[in-house]
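Written out below as structure tokens is the structure these notes cover.
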Amino acid sequence: MKPKIKAGDLMLFYRLDQTYQIKDVHVYTIEDTTYVGRAVAKGGDEVNISKDRQLQVNTNTVMETDKYYPTGEDEDGISLPVTVPSQSYFLLCDLCESGKDTRIFGAVNRQKFQEKS
């Protein structure tokens, strides 16, 4: 997703591997809208965003080397901290300042991941 994917860009993807790891990029659909996000936490992990806009997973601050801006909590989003449900992932877009991701609509079940487009 570097330097960035923006509205109107054409993106093709095909996922060969059916295992999912932290930092993997996923394409998923919520309410008929397609999003792209990077996995930062998996089922059982606790996610929080500190007052100084640092992502925390299981109380550890995560060094977000893929981000251009610090992660902030979305005012219209879910309440944090949150524990990610089983078979789900917490996904953040790389441009957190203006993107919509799981800070707004919560963790995404892996069944919503698209495998090809």
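In what follows, every heavy atom counts, from backbone to side chain, and hydrogens, waters and symmetry copies are set aside.
When all heavy atoms are compared, the tightest approach of Q56 to S50 is NE2-CB, 3.8 Å. Listed here is the closest heavy atom pair of A39 and Q21: CB-O, 3.8 Å. The minimum heavy-atom distance between D101 and C93, with the atom names listed, is OD2-N, 3.1 Å.
Every residue meeting the side-chain hydrogen bond (donor to acceptor under 3.5 Å, both in side chains) condition with T29, not counting sequence neighbours, appears here in chain and number order: Q114. With sequence neighbours excluded, the residues satisfying side chain to side chain contact (heavy atoms under 4.5 Å, CB included) with I22 are K42. With sequence neighbours excluded, no residue forms a side-chain hydrogen bond (donor to acceptor under 3.5 Å, both in side chains) with T83. Residues that satisfy the ring pair (Phe, Tyr, Trp, His ring centres under 6.0 Å) test with Y28, not counting sequence neighbours, are Y35. N109 is linked by a side-chain hydrogen bond (donor to acceptor under 3.5 Å, both in side chains) to nothing, counting only residues two or more places apart in sequence or in another chain. Listed by chain and number, the residues in a side chain to side chain contact (heavy atoms under 4.5 Å, CB included) with V62 are L55, V57, E64 (sequence neighbours excluded).
Remark: of the listed residues I78, V47, L92, V82, L92 is the sole one forming a side chain to side chain contact (heavy atoms under 4.5 Å, CB included) with R103.
A distance of 13.0 Å separates CD in Q54 from CG in N60, rounded to the nearest 0.5 Å. We find the NE2-CZ distance between H26 and R110 to be 9.0 Å, quoted to the nearest 0.5 Å.
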Steps toward side chain to side chain contact (heavy atoms under 4.5 Å, CB included) verdict (Y89, V108): CA-CA 5 Å; Y89 290 82; V108 176; 5.7 Å; no

Criterion side chain to side chain contact (heavy atoms under 4.5 Å, CB included) on T59 and E46, from CA distance to verdict: CA-CA 8 Å; T59 69; E46 181 183 84; 4.3 Å; yes

Chi angles and distances behind the side chain to side chain contact (heavy atoms under 4.5 Å, CB included) call for D45, N58: CA-CA 6 Å; D45 289 340; N58 299 324; 3.0 Å; yes

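The closest side-chain heavy-atom distance from V27 to T34 is below 4.5 Å.
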